[in-house]
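Below is one structure, written out as C-alpha coordinates; comments come after it.
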Amino acid sequence: MKCYYCSNEQFETRAVKYIYSRGKNRLFVPDMPADVCLHCGMIYYHGPALLKVEARFKAIYQENAEPDRYTQMPIMDYAL
Ligand SMILES: [Zn+2]
(Lines give C-alpha, C1' and ligand atoms only; values in the text may rest on other atoms or scores of the structure.)
Protein backbone atom coordinates (compact mmCIF):
# COMPACT_ATOMS: atom_id res chain seq x y z
CA MET A 1 0.00 0.00 0.00
CA LYS A 2 0.96 3.61 -0.55
CA CYS A 3 0.29 6.64 1.64
CA TYR A 4 -2.48 8.72 0.10
CA TYR A 5 -0.84 11.93 1.29
CA CYS A 6 2.91 11.50 0.85
CA SER A 7 3.24 8.38 -1.36
CA ASN A 8 5.48 6.70 1.19
CA GLU A 9 5.21 2.90 1.19
CA GLN A 10 6.50 2.15 4.66
CA PHE A 11 3.97 1.57 7.38
CA GLU A 12 3.94 0.23 10.86
CA THR A 13 0.97 -1.42 12.53
CA ARG A 14 0.33 0.23 15.87
CA ALA A 15 -2.35 0.45 18.51
CA VAL A 16 -3.71 3.99 18.43
CA LYS A 17 -6.45 5.86 20.25
CA TYR A 18 -9.71 6.01 18.40
CA ILE A 19 -13.04 7.63 19.18
CA TYR A 20 -16.14 6.53 17.38
CA SER A 21 -18.92 9.07 17.68
CA ARG A 22 -22.41 9.45 16.42
CA GLY A 23 -24.58 12.27 17.70
CA LYS A 24 -23.80 12.72 21.38
CA ASN A 25 -22.66 9.15 21.87
CA ARG A 26 -19.04 8.21 21.90
CA LEU A 27 -17.03 5.05 22.20
CA PHE A 28 -13.36 5.35 23.03
CA VAL A 29 -11.02 2.60 21.86
CA PRO A 30 -7.58 3.08 23.45
CA ASP A 31 -5.89 0.32 21.46
CA MET A 32 -7.30 0.42 17.96
CA PRO A 33 -5.09 -1.39 15.41
CA ALA A 34 -4.03 0.84 12.53
CA ASP A 35 -1.30 1.25 9.94
CA VAL A 36 0.69 4.40 10.53
CA CYS A 37 2.69 6.04 7.71
CA LEU A 38 6.29 6.20 8.85
CA HIS A 39 6.88 9.37 6.84
CA CYS A 40 3.97 11.70 7.62
CA GLY A 41 2.20 9.92 10.48
CA MET A 42 -1.11 9.53 8.67
CA ILE A 43 -3.23 6.87 10.32
CA TYR A 44 -5.05 4.23 8.29
CA TYR A 45 -7.60 2.26 10.25
CA HIS A 46 -8.40 -1.31 9.29
CA GLY A 47 -11.83 -1.91 7.74
CA PRO A 48 -12.69 -4.97 9.88
CA ALA A 49 -11.63 -3.10 13.03
CA LEU A 50 -13.89 -0.16 12.14
CA LEU A 51 -16.81 -2.52 11.57
CA LYS A 52 -16.14 -4.21 14.89
CA VAL A 53 -16.16 -0.87 16.73
CA GLU A 54 -19.35 0.17 14.98
CA ALA A 55 -21.05 -3.10 15.95
CA ARG A 56 -19.94 -2.70 19.57
CA PHE A 57 -21.13 0.92 19.59
CA LYS A 58 -24.58 -0.18 18.44
CA ALA A 59 -24.70 -2.97 21.03
CA ILE A 60 -23.85 -0.54 23.83
CA TYR A 61 -26.19 2.26 22.84
CA GLN A 62 -29.07 0.31 21.31
CA GLU A 63 -29.03 -3.00 23.13
CA ASN A 64 -27.65 -1.78 26.46
CA ALA A 65 -24.62 -4.03 26.29
CA GLU A 66 -21.99 -3.28 28.92
CA PRO A 67 -18.79 -1.69 27.68
CA ASP A 68 -15.52 -3.18 28.89
CA ARG A 69 -15.03 -0.18 31.13
CA TYR A 70 -15.86 3.48 31.49
CA THR A 71 -13.70 6.56 31.33
CA GLN A 72 -14.37 10.23 31.65
CA MET A 73 -12.88 12.39 29.00
CA PRO A 74 -12.94 16.07 28.21
CA ILE A 75 -14.18 16.81 24.73
CA MET A 76 -13.42 19.74 22.51
CA ASP A 77 -15.87 20.47 19.72
CA TYR A 78 -13.94 22.26 17.02
CA ALA A 79 -16.90 24.18 15.68
CA LEU A 80 -16.17 25.73 12.29
ZN1 LIG B 1 2.44 9.46 4.54
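All residue numbers in this chain count up from 1 along the given sequence.
Side-chain N or O atoms of Asp77 include none that pairs as donor or acceptor with a backbone N or O of Ala79 at under 3.5 Å.
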Solution key, residues 22-36 side-chain donor-acceptor pairs under 3.5 Å, sequence neighbours excluded:
unit_1	atom_1	unit_2	atom_2	d
Arg22	NH2	Tyr20	OH	2.7
Asp35	OD1	Thr13	OG1	2.8
Asp35	OD1	His46	NE2	3.4
Asp35	OD2	His46	NE2	3.2

From CA spacing to verdict: side chain to side chain contact (heavy atoms under 4.5 Å, CB included), Tyr44, Cys3:
CA-CA 9 Å; Tyr44 294 87; Cys3 181; 3.2 Å; yes
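No side-chain heavy atom of Tyr4 sits under 4.5 Å from any side-chain heavy atom of Cys37. Side-chain contact between Leu50 and Tyr18 is present, with at least one heavy-atom pair separated by less than 4.5 Å. You'll find the side chain of Glu66 stays beyond 4.5 Å of the side chain of Ile60, heavy atoms only.
Rounding to the nearest 0.5 Å gives a distance of 9.5 Å between OG of Ser7 and NE2 of His39.
Annotation: Tyr5, atom OH; neighbour count of heavy atoms from other residues, nucleotides and ligands within 6.0 Å does not exceed 12.
The side-chain hydrogen bond (donor to acceptor under 3.5 Å, both in side chains) test applied to Arg56 returns no partner, not counting sequence neighbours.
Closest approach of Lys2 to Phe11, counting heavy atoms only: C-CZ, 3.9 Å.
The hydrophobic cluster containing Ile43 does not contain Ile19, counting ILVMFWY residues as joined when their side-chain heavy atoms lie under 4.5 angstrom apart, directly or transitively. Both Met42 and Met1 are members of a single hydrophobic cluster when ILVMFWY side chains are connected at heavy-atom separations under 4.5 Å.
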